Colleague: 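Right, I'll just put the structure down here and ask away after.
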2 protein chains.
Amino acid sequence: MVTIKDVARVAGVSTATVSRVVHNGGQVGEACRHRVKKVIEELGYRPNVNARALVNNSSNTIGVVTPKLSMTFFGCLASGAEKAARKKGLKLLMSNSLYETKTELDAIESLREHSCNAIILHSEYSDEKTIKKLAENIPGLVLINRYIPALASRCVWLDNLSGGRQVAEYLISRGHTSFAVVTSVYRNHDPQLRLKGVVEVLDAAGLKLDPANVVESTANMEGGAEAVSRLLASGAKFTALIAYNDLMAIGAMNALQDAGLRVPDDVSVVGFDDLYISKACRPHLTTMAYPIEEMAEYAANLAITLSKTPQEPISNTHLFLPTLVERDSVRDISKS
Amino acid sequence: MVTIKDVARVAGVSTATVSRVVHNGGQVGEACRHRVKKVIEELGYRPNVNARALVNNSSNTIGVVTPKLSMTFFGCLASGAEKAARKKGLKLLMSNSLYETKTELDAIESLREHSCNAIILHSEYSDEKTIKKLAENIPGLVLINRYIPALASRCVWLDNLSGGRQVAEYLISRGHTSFAVVTSVYRNHDPQLRLKGVVEVLDAAGLKLDPANVVESTANMEGGAEAVSRLLASGAKFTALIAYNDLMAIGAMNALQDAGLRVPDDVSVVGFDDLYISKACRPHLTTMAYPIEEMAEYAANLAITLSKTPQEPISNTHLFLPTLVERDSVRDISKS
DNA sequence: CTGTTAGCGCTTTCAT
DNA sequence: ATGAAAGCGCTAACAG
């Protein structure tokens, strides 16, 4: 391994000078700088990251904590963060929290031990107090997909309320008047907000959402299917079904179709996220696009910035909007 | 930050002793060890990873290089590796290679600079010579999903030939005699091997695979659909379609159905991988399960072992077998 | 069994 | 503009 000493020796300068050249410090003579650069090139010198990390107490990595990397949504999140990291010459340190507070906290602590000053956290289960305390000690901690007012300027999140509203508005514009909602049991606020958006719009339109038509289950295909079978068993009537996310929507469509109902002819279905999978099902799913990859890239940049220059908790936050992607799972019944 | 010196001072011992205690070295008196442990506890001392990495020239991380983390298959790979890493108290360093040799090489070099001694590489595009050279310099480099004879003991791979054979045997057992294959343009050997397995079995059964019925495209839904439209346009006849992977299979099913063909009534379809998505499409996809998560966990452990005790290139390798998962996309026409 | 000490490779004052 | 030198926190001989 070629070290800074080797370069210094060969170039006939001190290690301090080499260090200055490497860092593009202005305090080096032109001739000297040129010579050192050439030697660095010739010897193929690369600074040792660990030595740097030790001195600077910062490791050129950005940490990402998500529940489960094998889920497409989190894979996309990680990819977005990785893109930002690569552009800045940093590397990604990944941890699964497995939906558990303890694992999540362990992961963060471990990340800090690795001198990872910028951290992106997707936390669904830890309570606000815990997170706030964490945030106090880690200037480069950024939350993604979660909004905590006291940490507003460090939250990169989605306008779920608007998402719910858009879905409802769209469905109404397509002539639908009777709805069912398949929502998630997550303890975070996303499902509630999306539902709230739906209800607001329905209310404003003088439409009613029967509470019996709102069913909770786990946020995956199995949960979506299970929710629909309960809905069907209860004899609920509806022409449009709003699902918490794509996975639930697809599970719901499967259950609907298994029950002999046609989508969208008998029931229209709308999802949320716009995962790749929404083009796999039949009919292709109409859904709200969640720009998670872009948001993660943004969050990574924010985390890096904050880790370098901790700011006063200013009041602006970082809000993204979901957008509707029309495919084939919604029927226009306004003209029939 | 509390350092080893703080602990030493408070416990009234030298840093060396603390270090010994931390490492559970046997050379410490019971009373002393106990006292030190208590102080460590009280002060909340955690060894500095970077200082360690600098001294040992090894950072408690394991590197993973895959083409694109946002694809489910690679997300699962990463999750498997992360599981193994977590069990050993290590962290995951992730890089996307974006299907480019240059990015891939950069990623590996960068990983090495981070003193990442164990590396899992999923490489499709780099040539064998490049990889062999890399492997010479990195004892802890393990290849996943690629077999290079000279590196046999460091390859964790799947028996694609067997996969192809199993698919063909299954289809034949269901009465199929006319086939089409939708394969991938990947430059690695997987598609060729799977195809070879299919052909071998068909040959042995006295069945013929018309070369015109073998179509290449990109390994995603779009590619699968595109391949099928070419197939259909050429007037090819077949009752069973074998796809390179689940994504192509689903794209193919979509194209088939769009052309008015029913799956599996008119055409049976088999995929490969058994991604979560294969339960999203209708009909649910019959496919070969690729135990990628398990393989990645295995690969991670292997990489860690090798990085510690580099071994002679022994002749045994690490081969996994795909298994058939029957769902609804294949029709049994043997009794009709 | 325990302490002393010399680094690991790099950054950063402080001199010159 | 450049160099000397003091660490960053930890480990691993080497003494005792």
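Just so we're clear, the structure is a prediction, and the values are computed from it rather than from any experiment. Naming: A, B, ... by sequence-line order, numbering from 1 per chain.
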Colleague: Looking at OG of A:S126 and CG of A:L105, how far apart are the two atoms once the value is rounded to the nearest 0.5 Å?
Modeller: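 It is 5.5 Å, given to the nearest 0.5 Å.
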Colleague: To the nearest angstrom, how far is A:D6 atom CG from C:dG9 atom C1'?
Modeller: 10 Å
Colleague: Check this one for me: any side-chain N or O of A:T17 less than 4.0 Å away from OP1 or OP2 of D:dG3?
Modeller: yes
Colleague: Looking at residues at least two apart in the chain, or sitting in another chain, which of them share a ring pair (Phe, Tyr, Trp, His ring centres under 6.0 Å) with A:Y147?
Modeller: A:W157
Colleague: Using whole Å, report how far CG of B:N60 lies from C1' of D:dT11.
Modeller: 14 Å
Colleague: Run the ring pair (Phe, Tyr, Trp, His ring centres under 6.0 Å) test against A:Y298 and tell me which residues pass, sequence neighbours left out.
Modeller: A:H318, A:F320
Colleague: Strictly below 4.0 Å, N to O, side chains only: are B:E41 and B:K37 in salt-bridge contact?
Modeller: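 No, this pair does not count.
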Colleague: For residues 34-68 of chain B, pull every pair meeting ring-ring contact (aromatic ring centres under 6.0 Å, His included), keeping only residues two or more places apart or in separate chains.
Modeller: none
Colleague: Under the rule for side-chain contact (heavy atoms from CB on, under 4.5 Å), what residues qualify as partners of A:N117, not counting sequence neighbours?
Modeller: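 Counting only residues at least two positions away or on another chain, A:N117 forms a side-chain contact (heavy atoms from CB on, under 4.5 Å) with A:S58, A:S307.
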Colleague: Across the strands shown, which category fits B:V22 at heavy-atom distances under 4.0 angstrom: base, sugar-phosphate, nothing?
Modeller: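 Touches nothing.
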Colleague: Look at all strands and tell whether B:V18 reaches a base, only sugar-phosphate, or nothing, counting heavy atoms closer than 4.0 Å.
Modeller: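 Contact class for B:V18: none.
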Colleague: With each end axis built from five pairs of C1' atoms, what bend angle do you get for the helix from C:dC1-D:dG16 to C:dT16-D:dA1? Round to 10°.
Modeller: 40°
Colleague: Under 3.5 Å, which protein N or O atoms sit close to an N or O of nucleotides 7-10 of chain D? Give each pair with its distance.
Modeller:
residue : atom : partner : partner atom : Å
D:dC10  : OP1  : B:Y45   : OH           : 2.6
D:dC10  : OP1  : B:N48   : N            : 3.0
D:dC10  : OP2  : B:I4    : N            : 2.4

Colleague: What's the spacing between A:L93 CG and A:L111 CG if we round to 0.5 Å?
Modeller: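 A:L93 CG to A:L111 CG: 5.0 Å, rounded to 0.5 Å.
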Colleague: So, A:S123 versus A:E104: side-chain donor-acceptor pair below 3.5 Å or not?
Modeller: yes
Colleague: What is the separation between atom CZ on A:R20 and atom P on C:dT13, rounded to the nearest whole Å?
Modeller: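 After rounding, the reported distance stands at 11 Å.
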Colleague: Could you tell me how far apart B:R35 (CZ) and C:dT2 (C1') are, to the nearest whole angstrom?
Modeller: 11 Å
